[in-house]
Amino acid sequence: MSDLLERLRGRGWRMTAQRRVVAEVLDGDHVHLTADEVHSRAVKRLPEISRATVYNTLGELVSLGEVLEVSTDRRAKRYDPNAHRPHQHLVCAQCGSIRDVHPAGNPLADLPASERFGFTVSDVEVTYRGICPNCSSA
């Protein structure tokens, strides 16, 4: 389970009603919502919240490093509150659902020195693709 709300409180982030609702919508395990999905869910909790407020809050959370902006394909960017535990993503090639995965090993160490071309590599993003159980049974 994501601890986004606790992390934000710990930082002393000003918790307005709008910010709280966006954080509550994002809080959870395997959450990868688009900005429009965040807005749609937030409106159910706080009808007066604007789309601009949701977008601005998401931008702030990304800038703070509390939420990751995930772009796994040509679809809309998604927002992942699991920003403090290294992980990769497993994406359904049909419906686009995303799951956090934690493969064994160190993908950074798996790149041989001969394939680094002199780069000092600081980060690795691996995306696993396949068909989810819902799509494969349809």
Side-chain angles (χ1 to χ4, degrees):
M1 183 80 158
S2 165
D3 58 350
L4 178 60
L5 286 166
E6 297 308 315
R7 293 192 322 253
L8 293 171
R9 284 187 189 106
R11 289 181 81 122
W13 196 53
R14 198 170 129 249
M15 195 65 73
T16 64
Q18 294 85 354
R19 285 175 163 184
R20 177 185 312 279
V21 166
V22 171
E24 287 172 350
V25 166
L26 285 172
D27 201 39
D29 201 17
H30 301 289
V31 174
H32 301 90
L33 302 173
T34 66
D36 286 340
E37 289 169 336
V38 172
H39 179 254
S40 174
R41 292 179 185 195
V43 164
K44 291 176 184 172
R45 297 174 185 220
L46 189 67
E48 65 271 17
I49 194 167
S50 71
R51 187 175 307 275
T53 297
V54 169
Y55 275 82
N56 290 338
T57 303
L58 290 171
E60 265 186 76
L61 292 171
V62 170
S63 292
L64 288 170
E66 295 297 340
V67 171
L68 300 173
E69 196 174 65
V70 177
S71 183
T72 59
D73 50 26
R74 291 187 177 102
R75 298 177 190 207
K77 291 178 183 165
R78 295 180 175 269
Y79 295 87
D80 181 353
N82 192 4
H84 295 280
R85 182 172 177 214
H87 65 282
Q88 307 304 327
H89 293 107
L90 176 61
V91 180
C92 178
Q94 287 186 358
C95 71
S97 67
I98 303 173
R99 303 290 294 188
D100 290 347
V101 294
H102 305 90
N106 178 354
L108 188 57
D110 291 342
L111 184 63
S114 62
E115 289 293 317
R116 294 181 186 212
F117 301 99
F119 281 65
T120 302
V121 181
S122 59
D123 191 31
V124 177
E125 292 180 22
V126 175
T127 302
Y128 299 91
R129 298 184 191 286
I131 307 296
C132 73
N134 290 338
C135 290
S136 64
S137 66

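Sequential numbering from 1 along the given sequence is applied to the chain's residues. Everything numeric in this text was worked out from a predicted model, so none of it was measured.
Side chains of Y128 and Q88: no donor on one and acceptor on the other come within 3.5 Å. With 3.5 Å as the limit, one finds a donor-acceptor pair spanning the side chains of E66 and H84.
Side-chain atoms of L111 and V121, non-hydrogen and from C-beta on, do get closer than 4.5 Å to each other. Using a 4.5 Å heavy-atom cutoff, the side chains of L61 and L8 are in contact. Using a 4.5 Å heavy-atom cutoff, the side chains of V38 and V22 are in contact. Taking the side chain as every heavy atom from C-beta outward, L58 and L26 approach each other to under 4.5 Å. With a 4.5 Å cut-off on side-chain heavy atoms, V67 and D80 do not count as touching.
Remark: side-chain polar atoms of R51 are not paired, donor with acceptor, to backbone N or O of A35 under 3.5 angstrom. Distance alone, capped at 3.5 Å, is enough to place a donor-acceptor pair between the N56 side chain and the A52 backbone. Checked by atom type and distance alone, the side chain of R129 never pairs as donor or acceptor with a backbone atom of C92 at under 3.5 Å. In terms of modelled atom types and a separation under 3.5 Å, the side chain of S137 and the main chain of P133 share a donor-acceptor contact. Panel note: side chain E24, backbone V21; no donor-acceptor pair is recorded below 3.5 Å. With H87 contributing its side chain and R85 its backbone, the two residues share a donor-acceptor pair below 3.5 Å. S40 places no side-chain N or O within donor-acceptor distance of the main-chain N or O of D36, the cut-off being under 3.5 Å.
Ion pairing of R78 with E69 is absent here, as no side-chain N (NZ or NE/NH1/NH2) approaches a carboxylate O to less than 4.0 Å.
Of all the heavy atoms in L5 and A23, the pair that sits closest is CD2-CB, 3.4 Å.
When the side chains of ILVMFWY residues are joined at heavy-atom separations under 4.5 Å, either directly or via intervening members, V31 and L64 end up in a single hydrophobic cluster. V126 and V91 sit in two unconnected hydrophobic clusters of ILVMFWY residues. Membership requires side-chain heavy atoms under 4.5 Å apart, directly or through other members.
The side-chain contact (heavy atoms from CB on, under 4.5 Å) test applied to E48 returns L46, not counting sequence neighbours. Evaluation of the side chain to side chain donor-acceptor pair (under 3.5 Å) rule for R20 yields no partner, not counting sequence neighbours.
The aromatic rings of H32 and H89 sit perpendicular to each other, their planes meeting at more than 60°, with 30° as the lower class boundary.
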Problem - Full working for side chain to side chain contact (heavy atoms under 4.5 Å, CB included) between L33 and Y79 - result: CA-CA 5 Å; L33 302 173; Y79 295 87; 5.8 Å; no
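Within 6.0 Å of CZ on R116 lie more than 12 heavy atoms contributed by other residues, nucleotides or ligands.
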